[in-house]
Number of protein chains: 2
Amino acid sequence: MDQQIIPITANNMRTACSQCNLRELCLAVGLEDDDLHKLDSLVARRKIKRGQPLYRAGDPFNALYAIKIGFFKTDILTEEGLEQVTGFQMAGEILGLDGISNDTHVCNATALEDSEVCVMPYDQLEVLSHEIRSLQREFHKFMSREIVRDQSLMILLGSMRAEERIAAFLINLSQRMKLRGYSSSEFHLRMTREEIGSYLGLKLETVSRAFSRFHDEGLIGVQQKHIRILDGDGLRKLLDHNNC
Amino acid sequence: MDQQIIPITANNMRTACSQCNLRELCLAVGLEDDDLHKLDSLVARRKIKRGQPLYRAGDPFNALYAIKIGFFKTDILTEEGLEQVTGFQMAGEILGLDGISNDTHVCNATALEDSEVCVMPYDQLEVLSHEIRSLQREFHKFMSREIVRDQSLMILLGSMRAEERIAAFLINLSQRMKLRGYSSSEFHLRMTREEIGSYLGLKLETVSRAFSRFHDEGLIGVQQKHIRILDGDGLRKLLDHNNC
DNA sequence: CGTTTTCTTGAGCTGCCTCAACGGCCGTGG
DNA sequence: CCACGGCCGTTGAGGCAGCTCAAGAAAACG
């Protein structure tokens with residue numbers, strides 16, 4: 001492993017939490033300047049090349065990771081050896097929360113493009129969140145939000161049909177892009193059809209067909225991994241309408 | 001609402017955390033006597049009759065609940081008005097973690113039998129977990145465990161066939177019963193076939209048919225809600241075998 | 001430039017859903 | 001005590017959404 005570790009020091013200070021443009025999305029939400037600097041002091045940076053793992057299932061857990069740049073997937077290998085994608089994560093989101101329960105990571109986290117994460121050693125984070133009330137609070141909210149997110153996915157998997165799932169997936173991606181200041185109507189998928197299918201409980205052919213269908217109906221533009229949302233309301237209508 | 005609130009005082013001390021037989025399953029894991037008593041002081045008890053809600057989606061969040069006696073389900077009403085069950089909870093398990101993210105409960109929690117919970121006001125719990133290191137740690141583990149649990153369900157919903165899901169469901173219930181000192185081979189389902197189906201992403205008829213099939217194959221005994229596991233290994237084999 | 005991966009599309013199959021009918025259990029009230 | 005109605009569970013028959021298998025085209029990559 002030749003991954004680069006960059007401690008945060010005076011000469012790369014502009015990459016520290018206190019200067020980070022993702023401050024408001026990340027664990028640092030609402031911290032005072034003083035506290036931000038304390039957080040800075042425990043964060044290191046690490047670059048992950050596309051296709052490389054940030055951690056693997058079974059690895060000892062010792063840090064959480066905030067995505068600074070890039071895009072990740074998390075997945076689990078089932079006993080039968082097939083991969084199930086459990087999530088896609090983008091800048092500002094936290095990876096590794098599943099590891100706390102057993103001091104061991106239960107899933108693999110893999111970069112889907114060249115990425116960079118902020119490494120937050122968990123024992124230090126615990127100490128610091130012990131010191132800083134609003135950090136503790138924010139940390140709890142992050143975990144809770146993860147639980148809520150997983151439950152939405154359970155609803156999707158448990159009660160939606162294929163095209164609804166895919167519409168929901170596109171809308172969700174679009175919203176998260178917007179939140180980060182990117183275009184919400186035009187973006188590049190970092191994952192394959194197969195990974196989308198795995199995430200949504202569908203086969204890759206079904207994903208491909210749904211994209212083609214949406215394309216034919218003028219809802220989206222599709223060119224391989226490049227997606228344009230042409231009729232967001234139309235997509236949203238698919239969710240309410242089909243299932244009543 | 002005529003639900004009974006019982007503060008814990010000297011005269012019902014044997015129901016306090018320090019005396020609770022679920023201590024090792026609950027948030028109180030690993031606390032020293034001193035700390036246990038601190039936890040006692042913030043816990044109140046509340047009884048919930050069968051069919052009654054502990055909380056509803058949209059209710060303001062202000063406490064977590066540890067189940068002392070009984071059995072609950074959590075569910076969400078989708079926009080189209082259909083109920084999706086997100087979990088079944090039994091003694092020692094914690095309800096309400098989803099509420100932390102937005103200070104609002106996102107799901108309904110309903111008693112499936114006459115039950116009793118320990119009410120832990122969240123702001124007080126935060127203060128106390130600030131004081132007691134091992135409580136903070138245990139709390140984080142509980143949240144993380146919830147995330148891991150949700151992810152297993154995602155795998156179940158995303159990649160298993162109907163009979164595998166139901167086998168997994170029965171095995172899971174059986175293990176949790178065992179952990180609580182009940183028989184792992186014979187128990188009473190507190191939920192309907194429809195609720196099981198909703199939880200597993202199946203229709204109630206499919207659940208019923210799978211039970212009948214398992215029954216015919218000698219894997220389980222079924223008499224309405226009374227279940228006997230006759231061949232646990234056979235059930236487990238269904239999981240590995242079918243999907244390879 | 002060749003190799004590999006990814007995507008698309010078609011045709012046929014099947015597991016689960018839908019719709020429907022019936023039987024058992026339980027609480028309520030006569 | 002029995003009669004009744006409402007809920008819950010079981011079972012059957014038929015249909016369809018999404019899976020499987022297959023082949024070919026288009027990108028991506030070294």
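Lettering of chains follows the sequences in order, A, B, ..., and the numbering in each one begins at 1.
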Quickly work out the [X] [atom1] to [N] [atom2] distance and round it to whole Å.
| X | N | atom1 | atom2 | answer |
| --- | --- | --- | --- | --- |
| A/Glu113 | D/dC29 | CD | P | 12 Å |
| A/Ile166 | C/dT8 | CD1 | P | 11 Å |
| A/Lys203 | D/dG18 | NZ | C1' | 11 Å |
| A/Arg213 | D/dG18 | CZ | P | 10 Å |
| A/Glu163 | D/dC19 | CD | C1' | 15 Å |
| A/His226 | C/dC7 | NE2 | P | 15 Å |
| B/Leu157 | C/dG15 | CG | P | 20 Å |
| B/Arg161 | C/dC16 | CZ | C1' | 10 Å |

Exercise for review: Return the angle between end axes of the helix from C/dC1-D/dG30 to C/dG30-D/dC1, with five pairs used per end and rounding to 10°.
Suggested key: 50°
Check your understanding: Contact class for B/Gly201 (heavy atom, under 4.0 Å): base, sugar-phosphate, or nothing?
Key -> sugar-phosphate
Exercise for review: Not counting sequence neighbours, list each pair that qualifies as a ring pair (Phe, Tyr, Trp, His ring centres under 6.0 Å) and has a residue in residues 144-165 of chain B.
Suggested key: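 Matches after skipping sequence neighbours: none remain.
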Point to revise | Side chain of A/Leu202 (C-beta onward), nearest among D/dC19, C/dT18, C/dC16 | key: D/dC19
Study note, to complete from the structure: Quick note, B/Ala162 side chain, CB onward, closest among D/dT20, C/dC16, D/dG18 is C/dC16
**Study point:** Pair listing, salt bridge (Lys or Arg N to Asp or Glu O under 4.0 Å) test, anchored in residues 218-234 of chain A, at least two apart
**Key:**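 Those involving residues 218-234 of chain A are A/Asp233-A/Arg236.
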Point to revise | With sequence neighbours excluded, residues passing side chain to side chain donor-acceptor pair (under 3.5 Å) with A/Asp150 | key: none
Review point. Residues two or more places apart in sequence or in another chain: which of them pass side chain to side chain donor-acceptor pair (under 3.5 Å) with B/Glu83?
Key: B/Lys73
**Study point:** Results of side-chain contact (heavy atoms from CB on, under 4.5 Å) for B/Ser212 - residues two or more places apart only
**Key:** none
Point to revise | side-chain contact (heavy atoms from CB on, under 4.5 Å) involving A/Glu205 - partner list, sequence neighbours excluded | key: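 In terms of side-chain contact (heavy atoms from CB on, under 4.5 Å), with neighbours along the sequence ignored, A/Glu205 is linked to A/Lys203, A/Arg209.
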Review point. Given side chains that start at C-beta, do those of A/Asn172 and A/Phe88 come closer than 4.5 Å, heavy atoms only?
Key: no
For nucleotides 7-10 of chain D, tabulate all protein N/O to nucleotide N/O atom pairs closer than 3.5 Å, reporting atom names and distance.
from, atom 1, to, atom 2, distance (Å)
D/dG9, OP2, B/Arg193, N, 3.0
D/dT10, OP1, B/Arg193, NH2, 3.4
D/dT10, OP2, B/Arg193, NE, 2.9
D/dT10, OP2, B/Arg193, NH2, 3.4
D/dT10, OP2, B/Ser208, OG, 2.7
D/dT10, O5', B/Ser208, OG, 3.2

Tabulate below the donor-acceptor pairs under 3.5 Å that side-chain atoms of residues 106-115 of chain B make, not counting sequence neighbours, or state none.
from, atom 1, to, atom 2, distance (Å)
B/Asn108, OD1, B/Ala57, N, 2.9
B/Asn108, ND2, B/Asp75, O, 3.4
B/Asn108, ND2, B/Asp75, OD1, 3.0
B/Glu113, OE1, B/Arg190, NE, 3.0
B/Glu113, OE1, B/Arg190, NH1, 3.0
B/Asp114, OD1, B/Arg50, N, 2.8
B/Ser115, OG, B/Phe71, N, 3.2
B/Ser115, OG, B/Glu113, O, 2.6

**Study point:** B/Thr206 side-chain N/O to C/dC17 phosphate OP1/OP2 under 4.0 Å
**Key:**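 True: B/Thr206 side-chain N/O within range (under 4.0 Å) of C/dC17 OP1/OP2.
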Practice item. Determine, for B/Arg180 against B/Glu93, whether the closest basic-nitrogen to carboxylate-oxygen distance falls under 4.0 angstrom. Key: yes
